[in-house]
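The sequence lines fix the lettering, A, B, ..., with proteins before strands; numbering per chain opens at 1. Quick caveat, the model's predicted, so the values are computed rather than measured.
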2 protein chains.
Amino acid sequence: MRPNKRDELVRKALQVFYRDGFHATGMDKLVVETGVSKTSMYKHFRTKEDLILAALRLRDESFRNWLLRRIEEVADTPAEQLIASFDALREWFEEDGFRGCMFIKAGAEYQDADHPIHVQAAEHKRLLLEHFTRLARDAGVDDPAKLASQIVLLQEGAIVSAVLLKNTSPAKDAKEAAQQLLKIAQG
Amino acid sequence: MRPNKRDELVRKALQVFYRDGFHATGMDKLVVETGVSKTSMYKHFRTKEDLILAALRLRDESFRNWLLRRIEEVADTPAEQLIASFDALREWFEEDGFRGCMFIKAGAEYQDADHPIHVQAAEHKRLLLEHFTRLARDAGVDDPAKLASQIVLLQEGAIVSAVLLKNTSPAKDAKEAAQQLLKIAQG
DNA sequence: TCCTATATGTACCGATCTGTACATATATAA
DNA sequence: TTATATATGTACAGATCGGTACATATAGGA
């Protein structure tokens, strides 16, 4: 029961869940794809739900890490960073295997508001909103909560539209909208 | 095989799919909830996929009907109607049993871009974007396609956020953002 | 009344679902 | 070597999945 073995299972499961969905991915498929035995799988994770939650935790951590780091790489001031988020999103949209936001999908498959998976998906969104609210505050705008909320709305919309409309122009339109909203908020 | 019987089945199936999701809803459950026999169900719909597609068609029609009609009820000019869409969304969010956008969820559960269900979900979004583009053009803005795209992004974002953040303030923030974007687009 | 066509109810198919029992392999310690 | 603990592979349980076979009920026309 090496700890890194468990991490490896979570990483692989995350890939499959992201690609194929949660209900559509059975434990048998995961056992085959990871090459581990079913017994070992259930030694590491008591239930499928536990495995999903572990995968979502990893995704939350790595996605926010990537996004926030990428934003800081390309922009210096808080105001610029708010806008740079849309460039990062665009990069993400253009990646091979882009399939939209894992947490929107998790919330869609587990709709009950107090289901642990739904709760965790909501928490991811809350953390992102919190971060952008901080950026907006540091940018010195009038109503940081409102601007951050609007920026996040544009981001979510861009993600959903990128999936369903199958192009990346939503990222461009969203970025321009965010720039205008920021300018107004800066007075 | 009365035609209205079929419609009734679609209506009921739509409710259950919307409430519980697609993969999570089995034909057995639908048979119980509709009170019809399994044989009859499969007389009307060759496969579960056919039933889902029929349900999505009904949803597309009734949702767009409701939204566009509601918008016209409360606003006269195209510009006002663009903004009024957010008031309509807010009403929707406050309904009992609101569970987000059926087509975002369909796209999330059937991710393959050429899967018929995914295609139909994308078509719904395309039709809405088309309508708002028409409104933006009639409002006489510079770049109707861009403004419509941005309005739709805010709408999608508001829907997703309303689901995951569990409050209706996204509708308010989105509306204000749309008003500012409209004002800018009107020059 | 009898014949035929259609609608229905029920039992079932093979596949797959999550999860477990159990026997075996492997490693460590005495 | 032998005893013990842990990791693994496999087979399977019980439920449910989408879908069908088939027998029965019901209707309308001759």
Side-chain angles (χ1 to χ4, degrees), chain A residues 1-57 105-106 108-112 115-118 120, chain B residues 1-58 105-106 108-112 115-120:
Chain A
M1 195 125 105
R2 294 164 293 163
N4 52 333
K5 182 70 181 178
R6 185 193 145 101
D7 290 351
E8 192 191 318
L9 291 177
V10 175
R11 250 195 315 276
K12 184 65 190 173
L14 173 57
Q15 285 177 25
V16 182
F17 282 135
Y18 182 67
R19 170 163 42 87
D20 297 342
F22 299 99
H23 284 97
T25 301
M27 293 299 270
D28 287 322
K29 193 200 288 181
L30 289 170
V31 160
V32 170
E33 295 235 18
T34 57
V36 83
S37 77
K38 213 164 181 183
T39 313
S40 304
M41 185 66 98
Y42 275 96
K43 272 259 158 45
H44 286 97
F45 308 98
R46 265 186 49 260
T47 63
K48 180 184 180 183
E49 187 179 306
D50 279 0
L51 176 55
I52 293 177
L53 288 171
L56 288 180
R57 267 190 295 272
K105 297 193 287 187
E109 289 207 46
Y110 300 90
Q111 306 193 75
D112 214 349
H115 191 292
I117 294 176
H118 190 103
Q120 191 154 320
Chain B
M1 196 125 104
R2 293 164 292 160
N4 51 335
K5 181 70 180 177
R6 186 191 143 101
D7 291 351
E8 192 190 318
L9 291 177
V10 175
R11 249 195 316 275
K12 185 66 191 173
L14 173 57
Q15 285 177 24
V16 182
F17 283 134
Y18 183 67
R19 168 163 45 86
D20 297 343
F22 300 98
H23 284 96
T25 301
M27 292 299 271
D28 287 323
K29 192 201 287 182
L30 289 170
V31 160
V32 170
E33 294 235 17
T34 56
V36 84
S37 77
K38 213 164 180 184
T39 312
S40 304
M41 184 66 96
Y42 275 94
K43 273 260 158 46
H44 288 288
F45 309 97
R46 266 186 50 261
T47 63
K48 181 185 179 181
E49 187 179 307
D50 279 0
L51 176 56
I52 293 176
L53 287 171
L56 287 179
R57 267 190 294 272
L58 172 60
K105 298 194 287 187
E109 288 207 46
Y110 300 89
Q111 305 193 76
D112 214 348
H115 191 292
I117 293 175
H118 190 103
V119 169
Q120 190 154 325

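- Between atom CE of residue A:M27 and atom OG1 of residue A:T47 there is a gap of 7.5 Å, rounded to the nearest 0.5 Å.
- Residue A:K43 contributes atom NZ, which lies 15 Å from atom P of C:dG19 at whole-angstrom precision.
- Between B:S37 and the phosphate of C:dG9, there is a side-chain N or O to OP1/OP2 separation shorter than 4.0 Å.
- Scanning atom types as modelled, no donor and acceptor separated by under 3.5 angstrom connect the side chain of A:K38 and the base of D:dG9.
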Which is it for A:V36 and A:K5 under the side chain to side chain contact (heavy atoms under 4.5 Å, CB included) test, yes or no, and what are the steps along the way?
CA-CA 10 Å; A:V36 83; A:K5 182 70 181 178; 4.1 Å; yes
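- Summarising the geometry, the separation between NE2 on A:H23 and P on D:dT16 is reported as 14 Å, rounded to the nearest angstrom.
- Comparing D:dG9, C:dT20, D:dG19 by their nearest atom to the side chain of A:Y42 picks out C:dT20.
- Atom CZ in B:F45 sits about 15 Å away from atom P in D:dT20, given to the nearest Å.
- Rounded to a whole Å, the NZ atom of B:K29 is 18 Å from the P atom of D:dA15.
- Protein atom CE of B:M41 is 19 Å distant from nucleotide atom C1' of D:dA21, rounded to whole Å.
- Remark: P of D:dC17 and CG of B:D20 are 11 Å apart, rounded to the nearest angstrom.
- In this structure, A:M27 places its CE atom 11 Å from C1' of C:dC17, rounding to the nearest Å.
- At distances below 3.5 Å, at least one donor-acceptor pair connects side-chain atoms of A:Q120 with backbone N or O atoms of A:L53.
- Between A:S40 and the phosphate of D:dA7, there is no side-chain N or O to OP1/OP2 separation shorter than 4.0 Å.
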Evaluate A:F17 against A:L30 for side chain to side chain contact (heavy atoms under 4.5 Å, CB included), listing each step before the verdict.
CA-CA 9 Å; A:F17 282 135; A:L30 289 170; 3.7 Å; yes
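- Among C:dG19, D:dG9, D:dG19, the nucleotide with an atom closest to any side-chain atom of A:T39 is D:dG9.
- Taking atom NZ of A:K48 as the reference point, atom P of C:dG19 lies 9 Å away to the nearest angstrom.
- Closest to the side chain of B:D28, from the set C:dG9, D:dC17, D:dT20, is D:dC17.
- Below 30°, between 30° and 60°, or above 60°: for A:Y110 and A:F22 the angle between ring planes is above 60°, a perpendicular geometry.
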